[in-house]
Visitor: 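Just dropping this structure here.
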Amino acid sequence: MIACLGRFVPENDVESRAENDDVSTICKSLGLKGSIDFGVGATNGSADKDFGGMYSYKPLAVIRPSGADDVAVVIKAAHLQSNLTVAARGNGHSINGQAMADRGLVIDMGSTGDSHFEIVKVKGSTYLDVSGGALWEDVLKRCVEDFGLAPRSWTDYLRLTVGGTLSNAGVSGQAFRYGPQISNVAQLDVVTGNGDMVTCSESRQPELFFNVLGGLGQFGIITRARVLLQSAPDKVRWIRLVYAEFDEFTRDAELLVSLKEERESFDYVEGFVFVNSDDTVNGWPSVPLDPAQVFDPAHLPQTAGSVLYCLEVALHYNNSDPRSAVDAVVDRLLERLGFVSKLNFPVDVSYVDFLLRVKLVEEHARANGMWDSPHPWLNMFVSKSNLAEFNRAVFNEILKDGINGPMLVYPLLRSKWDDRTSVMVPEEEIFYLVALLRFPPPHEDGASIKKLVDQNRGIVQYCKDRGFDFKLFFPHYKSEEEWKCHFGDRWTRFRDSKKAFDPKHILAPGQKIFSRISNEP
Ligand code: FAD
């Protein structure tokens with residue numbers, strides 16, 4: 001049983017049946033080019049579910065727009081109703097119901113995935129104009145296959161939508177050099193909470209542009225984004241390096257992200273914590289990249305503790321590069337690092353396969369039922385100066401036996417993030433992404449899932465009590481006080497922008513930041 005913490009609409013609820021009838025009448029009168037499902041049709045699909053699997057809020061209707069015009073019509077119609085809300089749904093890979101609308105309208109952006117796909121050149125740079133509903137996986141395949149080009153900054157997993165990740169940040173191992181995905185966008189088409197269709201950029205309507213980036217869907221629905229491209233390499237040397245000591249792991253990770261120029265460092269830097277045991281998910285077997293590689297724990301120093309660290313790096317190269325030249329660059333970089341000798345796992349893969357690497361994890365998890373089970377994940381940014389204590393208390397104590405899924409930890413640079421966007425990160429220049437990506441075994445009962453949610457809360461509370469400089473990534477709060485605390489001195493700007501671009505609080509109700517302002521006196 002999944003731990004459904006959200007509210008279901010009772011079938012005999014007279015009020016909800018009346019609402020259904022109203023919405024059906026409203027929606028039929030809109031003259032949309034796309035399609036609409038009401039009532040049972042709306043709740044038969046996936047709009048009341050997400051990857052987190054812990055919340056379920058049933059919408060009154062699901063709209064599959066044909067493009068931005070339909071999105072604008074729907075938002076304008078919601079304006080005229082006393083309490084109707086609208087949630088854009090990307091691919092529903094949120095964890096805590098953020099893409100849902102309880103008795104509201106869900107706009108399934110997937111139907112607009114092909115609305116835009118055009119390479120444009122502006123002042124010597126090359127961009128892709130792409131729909132907000134497009135999946136990054138399709139962006140990758142089409143850009144590389146048709147043009148030999150690719151976006152610079154990615155997420156680890158690509159079955160996420162352009163609008164969904166740009167509403168959060170979009171982070172992976174390229175972000176130390178290029179910043180998150182929201183630092184790699186030059187222009188957006190947005191339908192605001194007023195139903196206005198606006199093209200915005202750094203120089204045109206900048207307030208809307210920067211607020212929407214990392215804006216948790218609060219100010220508008222992204223229908224097109226202009227994403228900066230670079231030429232796509234053919235191949236990647238992908239390497240995992242094992243560390244027994246936390247200090248050496250972080251020193252090397254920070255060295256690599258401080259060498260920002262191409263060929264001075266790797267092109268991708270991430271890391272994870274794993275358990276010093278033969279556990280198949282969180283132990284030694286989780287490190288090798290090729291079935292022929294074996295993790296021999298005899299190479300570990302005697303001083304190794306119960307958790308170990310792995311730096312994951314990758315270097316881009318082309319088929320035309322001599323192998324000796326690639327080896328020379330890799331050897332020069334590895335010489336500077338203090339990983340455990342002989343615990344070094346390299347493979348050469350195509351660039352596309354490297355970026356699609358989590359697909360294999362997905363296939364495996366789907367096969368054993370863990371993809372569709374609940375995922376009580378915790379994602380946070382923790383400043384460098386608090387990470388050693390976090391490591392001692394959280395990785396070496398609370399989670400020392402693993403979490404049945406990856407425990408990512410890698411450094412990012414604040415100077416690559418734009419303070420004008422809505423996303424919140426710690427104050428220090430170097431901070432770490434910490435991601436606890438739990439895959440509980442299928443059929444765990446609600447109580448077991450709740451325990452994991454409580455453990456996440458305990459970790460967050462520990463960080464608060466210790467006065468850490470940290471922020472939740474994909475924040476999930478229930479009270480205005482907590483949201484104010486999250487945004488700190490940027491709360492007023494966030495609230496005032498909401499007033500300007502979505503004055504009735506129609507958009508993204510699943511984030512639970514603002515409540516719908518009723519039209520009724
Ligand atoms: P949804 O979950 O559908 O929506 C997220 C929020 O954005 C909702 O509030 C929704 O209303 C709003 N929204 C959706 N589309 C639009 C739009 N067009 N305009 C305005 N608002 C919109 N994130 C990373 O940064 N890096 C990673 O490496 C990474 N890996 C992941 C791996 C997995 C397996 C999963 C499940 C998630 C991962 N994520 C990662 C998290 C992911 O970025 C977020 O969950 C993101 O919200 C998912 O995108 P989505 O398209 O499914 O959006």
Side-chain angles (χ1 to χ4, degrees), residues 46-47 49-53 55 59 65 68 71 75 85-101 104-113 115 130-137 153-175 180-182 188-193 211-225 268 270 355 357-359 361-362 365-366 370-372 374-375 377 379 381 405-406 408 410 412 422-423 433 435 437-439 473-476 501-502 506-513:
S46 48
K49 299 182 189 72
D50 65 16
F51 184 79
Y55 290 81
V71 173
I75 293 178
T85 55
V86 176
R89 185 177 197 276
N91 204 23
H93 278 57
S94 299
I95 305 302
N96 291 301
Q98 287 97 331
M100 296 181 201
L105 308 178
V106 168
I107 302 189
D108 179 354
M109 295 300 291
S111 61
T112 66
S115 303
V130 64
S131 163
L135 291 176
W136 285 107
E137 179 178 301
S153 188
W154 292 96
T155 48
D156 294 347
Y157 172 67
L158 302 190
R159 293 194 67 76
L160 308 169
T161 63
V162 170
T165 69
L166 294 182
S167 298
N168 285 291
V171 182
S172 187
Q174 305 82 11
Q181 291 181 317
I182 53 171
L188 296 172
D189 280 351
V190 170
V191 183
T192 69
N211 274 298
V212 165
L213 294 170
L216 306 173
Q218 295 303 305
F219 309 105
I221 296 184
I222 300 167
T223 54
R224 178 187 62 91
Y268 162 101
E270 287 202 5
L355 288 175
R357 63 198 178 278
V358 180
K359 228 178 160 167
V361 178
E362 174 178 359
R366 278 194 192 280
M370 295 205 294
W371 193 259
D372 295 319
H375 300 104
W377 287 9
N379 287 271
F381 297 128
L408 306 186
Y410 59 89
L412 297 163
S422 295
V423 71
L433 176 139
L437 309 180
R438 304 169 186 271
F439 282 84
F473 183 30
F474 314 113
H476 169 60
F501 299 114
D502 182 21
I506 285 171
L507 297 177
Q511 298 281 1
K512 304 210 177 301
I513 308 175

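Note that ligands are numbered from 1 as they come in the structure, with each ligand's atoms numbered from 1 the same way.
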Visitor: State the atoms of ligand 1, each with its element, that fall below the 4.0 Å cut-off from a heavy-atom position in Asn168.
Guide: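 This gives 46 (C), 47 (O) as the contact atoms.
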
Visitor: Of all the heavy-atom pairs spanning Ser172 and Asp156, show the shortest one and how long it is.
Guide: OG-OD1, 2.6 Å

Visitor: Check the pair Gln218, Ile513 against side-chain contact (heavy atoms from CB on, under 4.5 Å), reporting the backbone distance first and the verdict last.
Guide: CA-CA 9 Å; Gln218 295 303 305; Ile513 308 175; 3.9 Å; yes

Visitor: Nearest non-hydrogen atom to atom 1 (P) of ligand 1 belongs to which of Gly164, Ser94, Pro406?
Guide: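 Ranked by closest heavy atom to atom 1 (P) of ligand 1, first place is Ser94.
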
Visitor: Check whether any side-chain heavy atom of Phe474 sits under 4.5 Å from a side-chain heavy atom of Ile95, and report yes or no.
Guide: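 Counting from C-beta outward, Phe474 and Ile95 never come under 4.5 Å.
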
Visitor: Checking Trp136 against Thr165: is there a side-chain donor and acceptor pair closer than 3.5 Å?
Guide: yes

Visitor: Specify the closest pair of heavy atoms between Ser422 and Gly214, including all atoms of both residues, with the distance to one decimal.
Guide: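 The answer is CB-O, 3.4 Å.
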
Visitor: Judged on heavy-atom distance to atom 19 (N) of ligand 1, which of Leu216, Leu160, Val191, Ile222 sits nearest?
Guide: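 Looking at heavy atoms only, Ile222 sits closest to atom 19 (N) of ligand 1.
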
Visitor: Relative to the heavy atoms of Thr165, which atoms of ligand 1 are at a distance of less than 4.0 Å?
Guide: 43 (O)

Visitor: Check each heavy atom of Ile95 against ligand 1 and say whether those closer than 4.0 Å belong to the side chain, the backbone, both or neither.
Guide: neither

Visitor: For residues Leu213 and Leu188, determine if any side-chain heavy atom of one lies less than 4.5 Å from a side-chain heavy atom of the other.
Guide: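 Sidechains of Leu188 and Leu213: in contact.
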
Visitor: What I want to know is whether Ala508 and ligand 1 share at least one N or O pair that is separated by under 3.5 angstrom.
Guide: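 Between Ala508 and ligand 1 (N or O atoms, distance only) the closest approach is not under 3.5 Å.
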
Visitor: Tell me which protein heavy atom sits closest to atom 26 (N) of ligand 1, plus the residue, atom name and distance to 0.1 Å.
Guide: Val171 O, 2.7 Å

Visitor: What protein heavy atom is closest to atom 31 (C) of ligand 1, reported as residue, atom name and distance in Å?
Guide: Tyr157 CB, 3.9 Å

Visitor: Give yes or no for whether the N/O distance cutoff of 3.5 Å, strictly under, is met between Met109 and ligand 1.
Guide: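 Between Met109 and ligand 1, no N or O pair is found under 3.5 Å apart.
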
Visitor: Within the 4.0 Å heavy-atom shell around Gln98, which atoms of ligand 1 are there?
Guide: 8 (C), 9 (O), 11 (O)

Visitor: With heavy-atom distances below 4.0 Å as the criterion, list the atoms of ligand 1 near Gly217.
Guide: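 Counting atoms of ligand 1 from 1, those under 4.0 Å from Gly217 are 21 (N).
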
Visitor: Decide yes or no for Val171 and Tyr410: does some side-chain heavy atom of the first lie under 4.5 Å from some side-chain heavy atom of the second?
Guide: yes

Visitor: Is Phe439 close enough to touch ligand 1? Criterion: a residue heavy atom under 4.0 Å from a ligand atom.
Guide: no

Visitor: For residues Asp372 and Arg366, determine if any side-chain heavy atom of one lies less than 4.5 Å from a side-chain heavy atom of the other.
Guide: yes

Visitor: For Trp154, state whether at least one heavy atom is located under 4.0 Å from any atom of ligand 1.
Guide: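 It does not, in that no heavy atom of Trp154 comes within the 4.0 Å cut-off of ligand 1.
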
Visitor: Show your reasoning for whether side-chain contact (heavy atoms from CB on, under 4.5 Å) applies to Trp154 and Tyr268.
Guide: CA-CA 10 Å; Trp154 292 96; Tyr268 162 101; over 6 Å; no

Visitor: Would you tell me which option among Gly405, Gly133, Ser167 has the nearest heavy-atom contact to atom 21 (N) of ligand 1?
Guide: Ser167

Visitor: List ligand 1 atoms under 4.0 Å from Ile221, heavy atoms only on the residue side.
Guide: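 Every atom of ligand 1 under 4.0 Å from some heavy atom of Ile221: 19 (N), 20 (C).
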
Visitor: Could you find the nearest protein heavy atom to atom 51 (O) of ligand 1 and give me its residue, atom name and distance?
Guide: Thr161 OG1, 2.6 Å

Visitor: Identify, for atom 35 (C) of ligand 1, the protein heavy atom at the shortest distance, and state residue, atom and that distance.
Guide: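 The protein heavy atom lying closest is Trp377 CZ3, 3.7 Å.
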
Visitor: Among all protein non-hydrogen atoms, which one is nearest to atom 12 (C) of ligand 1, and what is the separation to 0.1 Å?
Guide: Ala88 O, 4.0 Å

Visitor: Do you know which two heavy atoms are closest between Gly173 and Glu270, and how far apart they sit?
Guide: N-OE2, 3.0 Å

Visitor: Heavy-atom contact under 4.0 Å between Ala169 and ligand 1?
Guide: no

Visitor: Tell me, please: is Gly215 in heavy-atom contact with ligand 1, that is, under 4.0 Å?
Guide: no

Visitor: Suppose I only count heavy atoms of Gly170 and a 4.0 Å limit; which atoms of ligand 1 are within that range?
Guide: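 Going through ligand 1 atom by atom, the ones under 4.0 Å from Gly170 are 25 (O).
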
Visitor: Within ligand 1, which atoms have a heavy atom of Asp156 less than 4.0 Å away?
Guide: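 Taking each heavy atom of Asp156 in turn, ligand 1 has 27 (C), 28 (O) under 4.0 Å.
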
Visitor: With the side chain counted from C-beta on, respond yes when Ile75 and Leu507 share a heavy-atom pair under 4.5 Å apart, and no when they do not.
Guide: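 Yes, at least one pair of side-chain atoms sits under 4.5 Å.
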
Visitor: What protein heavy atom sits nearest atom 52 (O) of ligand 1, and how far away is it?
Guide: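 Minimum-distance protein heavy atom for atom 52 (O) of ligand 1 reads His93 N, 2.8 Å.
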
Visitor: Is the shortest distance from a heavy atom of Ser172 to ligand 1 less than 4.0 Å?
Guide: no

Visitor: Among all protein non-hydrogen atoms, which one is nearest to atom 50 (P) of ligand 1, and what is the separation to 0.1 Å?
Guide: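 Closest protein heavy atom to atom 50 (P) of ligand 1: Asn91 N, 3.4 Å.
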
Visitor: Is there a polar contact, in the sense of an N or O pair closer than 3.5 Å, between Ala99 and ligand 1?
Guide: no

Visitor: Please report the interatomic distance CE(Met100) to CZ(Arg89), rounded to the nearest 0.5 Å.
Guide: 7.5 Å

Visitor: So which atom in Trp371 and which in His93 form the shortest heavy-atom distance, rounded to 0.1 Å?
Guide: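 Scanning both residues, the minimum pair turns out to be CZ2-NE2, 4.2 Å.
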
Visitor: Within ligand 1, which atoms have a heavy atom of Phe473 less than 4.0 Å away?
Guide: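 Contacts of ligand 1 toward Phe473, numbered from 1: 25 (O).
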
Visitor: Please report which non-hydrogen protein atom sits nearest to atom 41 (C) of ligand 1, along with the residue it belongs to and the distance in Å to one decimal place.
Guide: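 Scanning the protein heavy atoms, the shortest distance from atom 41 (C) of ligand 1 goes to Phe474 CZ, 3.3 Å.
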
Visitor: Locate the shortest heavy-atom distance separating Ser167 from Gly217; write the atom from each residue and the value.
Guide: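 Nearest heavy atoms, Ser167 then Gly217: CB-N, 3.9 Å.
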
Visitor: Do Leu216 and Gln98 come close enough that some side-chain heavy atom pair is under 4.5 Å?
Guide: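 Side-chain contact under 4.5 Å: no.
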
Visitor: Indicate the ring-plane relationship of Phe439 and Phe51, choosing parallel, tilted or perpendicular according to the 30° and 60° boundaries.
Guide: perpendicular

Visitor: Can you tell which part of Gln511 has a heavy atom less than 4.0 Å from ligand 1: side chain, backbone, both or neither?
Guide: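 Just the side chain.
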
Visitor: Might you work through the side-chain contact (heavy atoms from CB on, under 4.5 Å) test for Leu437 and Leu408, ending with a clear yes or no?
Guide: CA-CA 8 Å; Leu437 309 180; Leu408 306 186; 4.0 Å; yes

